[in-house]
S.K.: 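Dropping the structure in here first, questions after.
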Amino acid sequence: MTTRLAAAWWALVLAVAALFAAGPALAADAATTAHTTATATHATATATHATTTATTTHATATTTATGPDVAVSQAGNYPTRPNSYGNFSVQWTSVGTADVAGITHLTVDLPPGLKTSGALMYSTPYDYTFSERVSPDGRHLEATFRGTRVPGRGDFMKVQVTSGADRPAGVIRATVAHRDDVNPANNVSTYTVNGPQQPAGTPDRPVVTAIDTVTGPGVGGTAVTLTGTGLDTGFVLFGNDQAKNVSCTATQCTATSPGGSGSVPVTVVTPGGAAGAPGGFAYTGPPPTPPAAPVVTGLSVRGGPSRGGTSVYVLGSNLAGGTIAFGDAAAAHVSCGDSFCSSTSPAGSGTVHVTVTTAGGTSATVDADRFTYTDTDTDTDADTDATP
């Protein structure tokens with residue numbers, strides 16, 4: 001890539017990142033089409049020919065929570081007549097005083113007469129991973145978002161919805177859950193199709209009373225059943241890793257262990273909070289084969305002031321879920337997708353290598369990952385050698 005093209009590419013990356021850092025509501029405005037309108041969060045609705053442009057109700061806290069706090073909301077065009085189409089945004093935002101980091105779990109449940117084929121994820125830059133699955137009847141969607149969001153930053157997905165031959169009616173319920181969330185009061189959002197709006201309420205706190213299997217091979221694949229109360233719309237963690245094939249009712253979760261090693265806690269996380277299983281889970285035998293090692297191919301900026309605080313994007317491959325170090329010092333606010341990470345430089349001096357560490361190891365040092373600290377606060381130009 002030529003120097004001019006590289007500089008132009010990084011300018012575009014920085015511009016897009018700035019747009020979405022300003023807030024997902026601004027991004028939603030940019031992505032909204034003539035048939036899709038997001039509105040402010042009050043329980044009001046305006047009828048259209050086939051859909052309703054509306055907002056939702058949810059329980060909200062009166063003060064900022066101390067610690068990680070993620071809130072969910074929804075708004076959009078909801079189908080209100082038979083054989084019609086609509087879509088709505090489900091937005092989750094870090095609203096506490098600390099970063100929301102790791103796995104965030106989202107659910108959408110639709111009433112009879114509505115179904116979805118899935119959701120579209122719009123947020124950029126791509127410093128996260130996102131996956132979803134839809135139930136066979138199209139009425140339940142689950143999504144997993146993995147990344148770090150500083151207070152004030154959020155993301156949204158656009159859920160595509162269709163109605164059947166009958167007039168749809170009932171409650172659309174969206175939830176968000178995170179293990180470290182300190183405030184469950186804003187974790188549920190509801191909208192009533194063709195009916196009066198009602199407060200979403202605060203979900204019950206989960207309790208896990210038993211786990212039926214407490215050991216399994218390091219490669220994973222062990223079927224586990226957890227029992228308790230308040231477990232519905234939950235997901236399961238073995239240590240920091242998400243279990244597979246999870247299905248939860250109010251009193252029971254079934255799951256398949258991921259790969260791992262040693263002894264780890266097993267946690268059920270719901271919109272109402274997190275609950276640990278008594279005793280945890282012990283892996284036996286060798287751990288799973290590690291993933292491919294991360295590779296760093298470029299930085300958005302190649303230097304910054306010695307006091308730290310420089311926003312640095314890291315480009316490469318196999319970066320998902322990684323941590324970042326500037327020399328021996330850990331970066332702050334790190335969020336990594338498969339090929340793109342965002343981070344904030346720590347304080348430092350001299351020239352250091354910026355490395356990414358995942359379960360696959362630590363990236364090898366190369367010239368393209370060098371970052372030079374300066375004693376001045378002058379801005380450093382975007383790297384013209386980085387190749388996207």
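If you read the sequence from its start, that first residue is 1, and numbering goes on from there. These numbers come from a predicted model, not from an experiment.
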S.K.: Tell me whether Val150 is reachable from Tyr128 by hopping between hydrophobic residues (I, L, V, M, F, W, Y) whose side-chain heavy atoms are closer than 4.5 Å.
M.R.: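 No; Val150 is not reachable from Tyr128 via cluster members.
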S.K.: Can you tell if the side chain of Thr144 reaches within under 4.5 Å of the side chain of Phe235, non-hydrogen atoms only?
M.R.: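 No, their side chains stay 4.5 Å or more apart.
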S.K.: Under a 4.5 Å side-chain heavy-atom rule over Ile, Leu, Val, Met, Phe, Trp and Tyr, are Val176 and Ile103 clustered together?
M.R.: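 No, because Val176 and Ile103 fall into different hydrophobic clusters, even though each may have its own neighbours under 4.5 Å.
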S.K.: Checking Gln197 side chain against Tyr191 main chain: does a donor-acceptor pair fall under 3.5 Å?
M.R.: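 Checked: no pair found.
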S.K.: Report, as yes or no, whether the 6.0 Å neighbourhood of atom CG on Asp204 holds more than 12 heavy atoms from other residues, nucleotides or ligands.
M.R.: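 Atom CG in Asp204 is not packed in, count stays at 12 or less.
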S.K.: Going by atom types alone, do Ser163 and Ser84 pair a side-chain donor with an acceptor below 3.5 Å?
M.R.: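 Side chains of Ser163 and Ser84: pair found under 3.5 Å.
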S.K.: If you count the non-hydrogen atoms of other residues, nucleotides and ligands that lie under 6.0 Å from CG in Asp328, is the total more than 12?
M.R.: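 At most 12 heavy atoms, drawn from other residues, nucleotides or ligands, come within 6.0 Å of this atom.
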S.K.: Report the relative orientation of the aromatic rings in Tyr78 and Phe88; use parallel for angles under 30°, tilted for 30 to 60°, perpendicular for over 60°.
M.R.: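 It falls in the parallel class, under 30°.
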S.K.: Under the 3.5 angstrom rule, does the side chain of Thr190 hit a backbone N or O of Val171 as a donor-acceptor pair?
M.R.: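 Checking the backbone N and O of Val171 against the side chain of Thr190, no donor-acceptor pair under 3.5 Å is found.
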S.K.: May I ask you to test the Val208-Leu231 pair for a side-chain heavy-atom distance under 4.5 Å?
M.R.: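 Sidechains of Leu231 and Val208: in contact.
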S.K.: For a side chain to side chain contact (heavy atoms under 4.5 Å, CB included) check, start with the C-alpha distance between Ile211 and Val266, then their side-chain angles and the critical distance, and finish with the verdict.
M.R.: CA-CA 9 Å; Ile211 178 173; Val266 179; 4.1 Å; yes
S.K.: Using modelled atom types and a 3.5 Å cut-off, is there a donor and acceptor pairing between side-chain atoms of Asn318 and backbone atoms of Ala293?
M.R.: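 A pair under 3.5 Å: yes.
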S.K.: Measuring only between side-chain heavy atoms, which start at C-beta, is Met121 closer than 4.5 Å to Asp155?
M.R.: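 Counting from C-beta outward, Met121 and Asp155 do come under 4.5 Å.
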S.K.: Apply side chain to side chain contact (heavy atoms under 4.5 Å, CB included) to residues Thr116 and Val108 and explain how you reach the verdict.
M.R.: CA-CA 10 Å; Thr116 181; Val108 176; over 6 Å; no
S.K.: Given 3.5 Å as the limit, does a donor-acceptor pair link the side chain of Glu142 with the main chain of His140, or not?
M.R.: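 Here the side-chain-to-backbone pair does not exist.
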S.K.: Look at the aromatic rings of Phe130 and Trp92 and report parallel, tilted or perpendicular, splitting at 30° and 60°.
M.R.: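 If you compare the ring of Phe130 with that of Trp92, the planes turn out parallel.
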S.K.: When you look at Thr148 and Val334, which way does the side chain to side chain contact (heavy atoms under 4.5 Å, CB included) test go after all the steps?
M.R.: CA-CA 6 Å; Thr148 297; Val334 175; 5.5 Å; no
S.K.: Looking at side-chain heavy atoms only, is the closest gap between Val296 and Thr355 below 4.5 Å?
M.R.: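 Val296 does not reach Thr355 side chain to side chain.
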S.K.: Going by an N to O cut-off under 4.0 Å, is there a salt bridge joining Arg302 and Asp367?
M.R.: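 No, this pair does not count.
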S.K.: In terms of hydrophobic clusters joined by side-chain contacts under 4.5 Å, are Val301 and Val356 together?
M.R.: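 Same cluster: Val301 reaches Val356 through Ile, Leu, Val, Met, Phe, Trp or Tyr contacts under 4.5 Å.
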S.K.: Could you tell me whether a side-chain N or O of Ser189 sits under 3.5 Å from a main-chain N or O of Val72, the two making a donor and an acceptor?
M.R.: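 Such a contact is absent between Ser189 side chain and Val72 backbone.
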S.K.: I want to check something: taking the side chain as every heavy atom from C-beta on, are Asp137 and Lys115 in contact at a cut-off of under 4.5 Å?
M.R.: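 No, every pair of side-chain atoms sits at 4.5 Å or beyond.
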S.K.: Do the side chains of Asp127 and Arg153 get close enough for a salt bridge, i.e. N-O under 4.0 angstrom?
M.R.: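 A salt bridge links Asp127 with Arg153.
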S.K.: Can you check whether Thr227's main-chain N or O pairs, donor with acceptor, with Thr209's side chain at less than 3.5 Å?
M.R.: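 Yes, Thr209 side chain to Thr227 backbone: donor-acceptor pair under 3.5 Å.
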S.K.: Does any N or O in the side chain of Tyr313 come within less than 3.5 Å of the main-chain N or O of Pro125, such that one atom is a donor and the other an acceptor?
M.R.: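 No; zero donor-acceptor contacts below 3.5 Å.
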S.K.: Is it true that, when you exclude Asp212 itself, more than 12 heavy atoms of the residues, nucleotides or ligands shown sit nearer than 6.0 Å to its CG?
M.R.: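 Counting other residues, nucleotides and ligands, CG of Asp212 exceeds 12 neighbours.
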S.K.: Over 60° means perpendicular and under 30° means parallel, so tell me whether Tyr373 and Phe371 are parallel, tilted or perpendicular.
M.R.: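 Plane angle over 60°, so perpendicular.
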S.K.: Do Thr107 and Thr175 get their side chains close enough for a donor-acceptor pair, meaning under 3.5 Å?
M.R.: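 A donor-acceptor contact under 3.5 Å links the two side chains.
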S.K.: Are Val354 and Ile324 close enough that some pair of their side-chain heavy atoms sits under 4.5 Å apart?
M.R.: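 Yes, at least one pair of side-chain atoms sits under 4.5 Å.
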S.K.: Below 4.5 Å, heavy atoms only, C-beta onward: do Thr162 and Pro79 meet side chain to side chain?
M.R.: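 No. Closest side-chain heavy atoms not under 4.5 Å.
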S.K.: Does Arg139 use its side chain to pair, donor to acceptor, with the backbone of Leu110 at less than 3.5 Å?
M.R.: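 Flag set: sc Arg139 to bb Leu110 pair under 3.5 Å.
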S.K.: If you compare all heavy atoms of Thr129 against all heavy atoms of Ala320, which two are closest, and at what distance to 0.1 Å?
M.R.: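 In terms of heavy atoms, the two residues are closest at CG2-CB, 3.8 Å.
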S.K.: Side chain to side chain donor-acceptor pair (under 3.5 Å) with Asp69: which of Asn186, Thr93, Thr97, Thr64?
M.R.: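 Only match with Asp69 under side chain to side chain donor-acceptor pair (under 3.5 Å): Asn186.
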S.K.: Do any N or O atoms from the side chain of Ser335 and from the backbone of Ser342 form a donor-acceptor pair under 3.5 angstrom?
M.R.: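 Such a contact is absent between Ser335 side chain and Ser342 backbone.
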S.K.: Could you check Leu237 against Gln242 for side chain to side chain contact (heavy atoms under 4.5 Å, CB included), going step by step and ending with a plain yes or no?
M.R.: CA-CA 5 Å; Leu237 294 173; Gln242 189 172 11; 4.3 Å; yes
S.K.: Do side-chain atoms of His178 reach the backbone of Ala101 as a donor and acceptor pair under 3.5 angstrom?
M.R.: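 Here the side-chain-to-backbone pair exists.
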S.K.: Can you get from Val269 to Leu226 by hopping between Ile, Leu, Val, Met, Phe, Trp and Tyr side chains that sit under 4.5 Å apart?
M.R.: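 No, no single cluster joins them.
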S.K.: Can you find a pair of side-chain heavy atoms, one from Leu106 and one from Met157, that are under 4.5 Å apart?
M.R.: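 They are in side-chain contact.
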